[in-house]
K.L.:
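One structure, as structure tokens, below. Some questions next.
These numbers come from the heavy atoms of this one structure, side chains and all, not from hydrogens, waters or symmetry mates. Numbers here are sequence positions counted from 1.
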Amino acid sequence: MTLSEQHTQVCIIGAGPSGLMMAAQLLRYGIQPIIIDSKQGPTTHSKALAVQARSLEIYRQMGVIDRIISGGKQAKGVSFNQDGKVAASLSLANVGKGQTAFPFIHLYQQSKNERLLLDFLTQNCCPVYWETELISLNQSGKQVEVQLQSGAEKVTITCDWLIGADGAHSTVRKQLQIPFNGDTYPNEFFLADVELDNPELDNDDVSLFLSPKGFAGFFPMPEDKSFRIIGNLPNLDKGGDELILEEVLPGINTITTKDIKIVRNNWFTTYRLHHRMADNFRKDRSFLIGDAAHIHSPVGGQGMNTGLQDAYNLAWKLAAAINGQMNDVVLESYAAERMPVAKDLLNTTDKIFKLILSQNWLASVFKKWVMPRLLRFVWSKESIREIFFRRVSQIDINYRDSKINLHLSNATEIKAGDRLPYLKLFDEKKQEEADLHEWCIKPGFTLIVLGNLNELDLFTLAKWLTQTYLAYVNFFYLPPSKKNTNVFNAFQVKTSRAKTLIVRPDMHIGFMNDAVDIPIMDNYLQNVMGIKSFPGPVS
């Protein structure tokens, strides 16, 4: 497809999961971006495997969750093996029960994520311009000039905003001259997507094998008898680029003490791992998301999910600025909110990964004798399992320190900046079961009032929202009842009092107050969040 546009509001460089999610989220707000990629098409390799609960909540909001659930599978458990023998076995079944609609680790390949998002773009008439490469960019005060190479043709376009979603070797980041600090792990690694004839390997469990010879991890794929195998390369004479799976297989057999029988080899590659982060996620009218902004080890299946959430965080802010609904200053909160998340993730995965790789005697003693017992002990504690799930699922990420949140409540368990908790409720208006996340399906902000209000108060609230913010703030009211005690207790709502929540479009709580006070909410929306009022007809 030939790129004919001369100007666009948003140009996205890179059509991997982060770039595609960015485009999909912008489309939800009526923004039609241009998205390009130097590849011939979407990846045919599995790449990232895990879709964490927080990402599944995003997909639910987009209305595509059923396809993901039916096309993937849940990881039922994880086993740690020492010298081929099970040292610890941990169940993951419903490990996050009650914390989310998706209390599990879901296995759904990156290639499927890309296809799903591409279908979403197609349904919204947003093409991807493949085999189109960024050559250079030049920013001015009001726009970005982008020079592209599409086949033999050079095309120059301008855009109001540029998104760099072009991976670890990001041309956007290099053109912006943003440092990408970090390091490369000294080890070389292999990855193989294979079909096995090994009934002793549970097709629903992650199996990790540690030995003095190295490590190997077997991750079940949604397809029957299919696994992702990763591990460190053995010390062979020739370089990793020349290796084939058959040469690595003896090392895998040694580490696992099993005879691994490969029926089909779908993909084999060798690679090095990096842990790096951009010095900033924004420069003027350009932003970095996903691997262009941060890369790290694959521990915990965090990489792709973090990129998806970068896009999710930025898209609603950018769309609101473009649509004239919010001041551009809200865009400063993207880097302020997401950079600490990336930094914490890099530090955590780096420490765990170095422990896994370490061959010094102290680390070896710890991994062989202490770690299995420690894992079994801590996993027997429900509170520890809850902390683990909240961490790995990314539902514990909060923006409490963000300047676009305001906490005016005595509540201490849940605060402004937190992800809106997943709580089931009884919708008194519709007389049916629902949950708080379901109330936040529509694009825009969501005002939730918990408490006992009379009809005049409700009418006043609805009139205020309609006349001041049109449809940009959705409104839900939950009166006290025995069926909703769990919600009132979670938010620490006192008897005979009311509480107001304003939930951001990314399902993080932006505002919390122990009263229903329209002037204070106006102050938050207009002065803290930067929303421009939209006066409607006075009735």
Side-chain angles (χ1 to χ4, degrees), residues 14 16-17 38-50 81 107 109-111 113-114 166-170 180 182-196 198 201 206-221 223 226-276 290-292 294-304 307 346 349-350 352-359:
S38 59
K39 301 190 301 293
Q40 292 182 340
T43 184
T44 56
H45 299 311
S46 57
K47 296 190 176 180
L49 274 185
N81 302 267
L107 303 172
Q109 299 96 312
Q110 177 177 325
S111 54
N113 279 270
E114 291 187 16
D166 48 343
H169 302 288
S170 171
F180 200 41
D183 207 350
T184 301
Y185 292 105
N187 312 69
E188 283 191 272
F189 302 87
F190 71 86
L191 179 155
D193 281 354
V194 295
E195 182 181 334
L196 301 179
N198 287 88
L201 288 172
V206 175
S207 299
L208 303 177
F209 293 87
L210 302 175
S211 88
K213 300 291 185 180
F215 82 96
F218 289 71
F219 298 83
M221 309 272 272
E223 293 71 30
S226 295
F227 289 85
R228 155 81 55 78
I229 309 175
I230 63 171
N232 59 311
L233 282 174
N235 293 321
L236 300 176
D237 292 335
K238 56 185 177 180
D241 291 342
E242 304 173 23
L243 287 176
I244 59 175
L245 177 56
E246 287 70 21
E247 292 174 291
V248 176
L249 189 56
I252 301 175
N253 290 339
T254 299
I255 292 170
T256 61
T257 70
K258 299 181 185 298
D259 180 19
I260 301 301
K261 301 175 182 177
I262 296 175
V263 177
R264 180 180 293 110
N265 175 16
N266 297 314
W267 181 37
F268 176 79
T269 187
T270 61
Y271 58 98
R272 286 188 178 274
L273 286 170
H274 311 266
H275 48 111
R276 299 180 184 275
D291 287 355
H294 47 78
I295 53 172
H296 44 82
S297 82
V299 169
Q302 303 293 289
M304 178 181 69
L346 260 70
T349 56
D350 184 51
I352 297 174
F353 201 57
K354 283 181 177 177
L355 174 63
I356 294 172
L357 294 176
S358 178
Q359 295 295 322

K.L.:
Does the side chain of Ser111 reach to within under 4.5 Å of the side chain of Lys47, using non-hydrogen atoms?
P.N.:
no
K.L.:
Find the distance between CD (Glu188) and OG1 (Thr270) and round it off to the nearest 0.5 Å.
P.N.:
6.0 Å
K.L.:
Using the side chain to side chain contact (heavy atoms under 4.5 Å, CB included) rule, pick out the option among His275, Arg276, His169 that qualifies with Ile295.
P.N.:
Arg276
K.L.:
Can you give me the closest heavy-atom contact between Phe180 and Asp291, atom names plus distance?
P.N.:
CZ-O, 3.7 Å
K.L.:
Evaluate the side-chain proximity of Leu243 to Val248: yes if any heavy-atom separation is below 4.5 Å, no if none is.
P.N.:
yes
K.L.:
Kindly give the heavy-atom pair with the smallest separation between Arg264 and Asn266, and that separation in Å.
P.N.:
CD-OD1, 3.1 Å
K.L.:
With the side chain counted from C-beta on, respond yes when Ile230 and Tyr271 share a heavy-atom pair under 4.5 Å apart, and no when they do not.
P.N.:
yes
K.L.:
For Leu208 and Gly217, which heavy atoms make the closest approach, and how far apart are they?
P.N.:
CD2-CA, 3.9 Å
K.L.:
Within the 4.5 Å heavy-atom criterion, are Leu191 and Ile229 side-chain neighbours or not?
P.N.:
no
K.L.:
Determine whether Leu245 and Val194 make a side-chain contact, defined as any pair of heavy atoms from C-beta on separated by less than 4.5 Å.
P.N.:
yes
K.L.:
Are the side chain of Asn265 and the backbone of Ala192 linked by a donor-acceptor contact shorter than 3.5 Å?
P.N.:
no
K.L.:
If we ignore hydrogens and angles and just use 3.5 Å, is the side chain of Gln110 paired with the main-chain N or O of Met304 as donor and acceptor?
P.N.:
no
K.L.:
Is any side-chain heavy atom of Phe227 closer than 4.5 Å to one of Leu201?
P.N.:
yes
K.L.:
Looking at NZ of Lys213 and OG1 of Thr257, how far apart are the two atoms once the value is rounded to the nearest 0.5 Å?
P.N.:
13.5 Å
K.L.:
Which heavy-atom pair separates Pro17 from Glu114 by the least distance, and what is that distance?
P.N.:
CD-OE2, 3.4 Å
K.L.:
I need the Arg228 CZ to Phe218 CZ distance, nearest 0.5 Å.
P.N.:
13.0 Å
K.L.:
Can you tell me how the ring of Trp267 sits relative to the ring of His45, calling it parallel under 30°, perpendicular over 60° and tilted otherwise?
P.N.:
parallel
K.L.:
Applying salt bridge (Lys or Arg N to Asp or Glu O under 4.0 Å) as the test, list every pair that has at least one member in residues 249-262; sequence neighbours left out.
P.N.:
none
K.L.:
Which pair of heavy atoms, one from Ile255 and one from Ala216, lies closest together, and at what distance?
P.N.:
CG2-N, 4.1 Å
K.L.:
Please confirm whether the backbone N or O of Ile244 pairs with a side-chain atom of Glu247, one donor and one acceptor, at under 3.5 Å?
P.N.:
yes
K.L.:
Nearest 0.5 Å please: distance from the OG1 atom of Thr349 over to the CG atom of Leu273.
P.N.:
10.0 Å
K.L.:
Could you state the interatomic distance from OG1 (Thr256) to CG (Asn81), rounded to the nearest 0.5 Å?
P.N.:
9.0 Å
K.L.:
Quick check against the 3.5 Å criterion: does Thr254 have a side-chain atom that pairs as donor or acceptor with the backbone of Pro250?
P.N.:
yes
K.L.:
What pair of heavy atoms forms the shortest contact from Leu49 to Met221, and how long is it?
P.N.:
CD2-SD, 3.4 Å
K.L.:
Which value, rounded to the nearest 0.5 Å, describes the distance between Ile260 atom CD1 and Asn198 atom CG?
P.N.:
4.5 Å
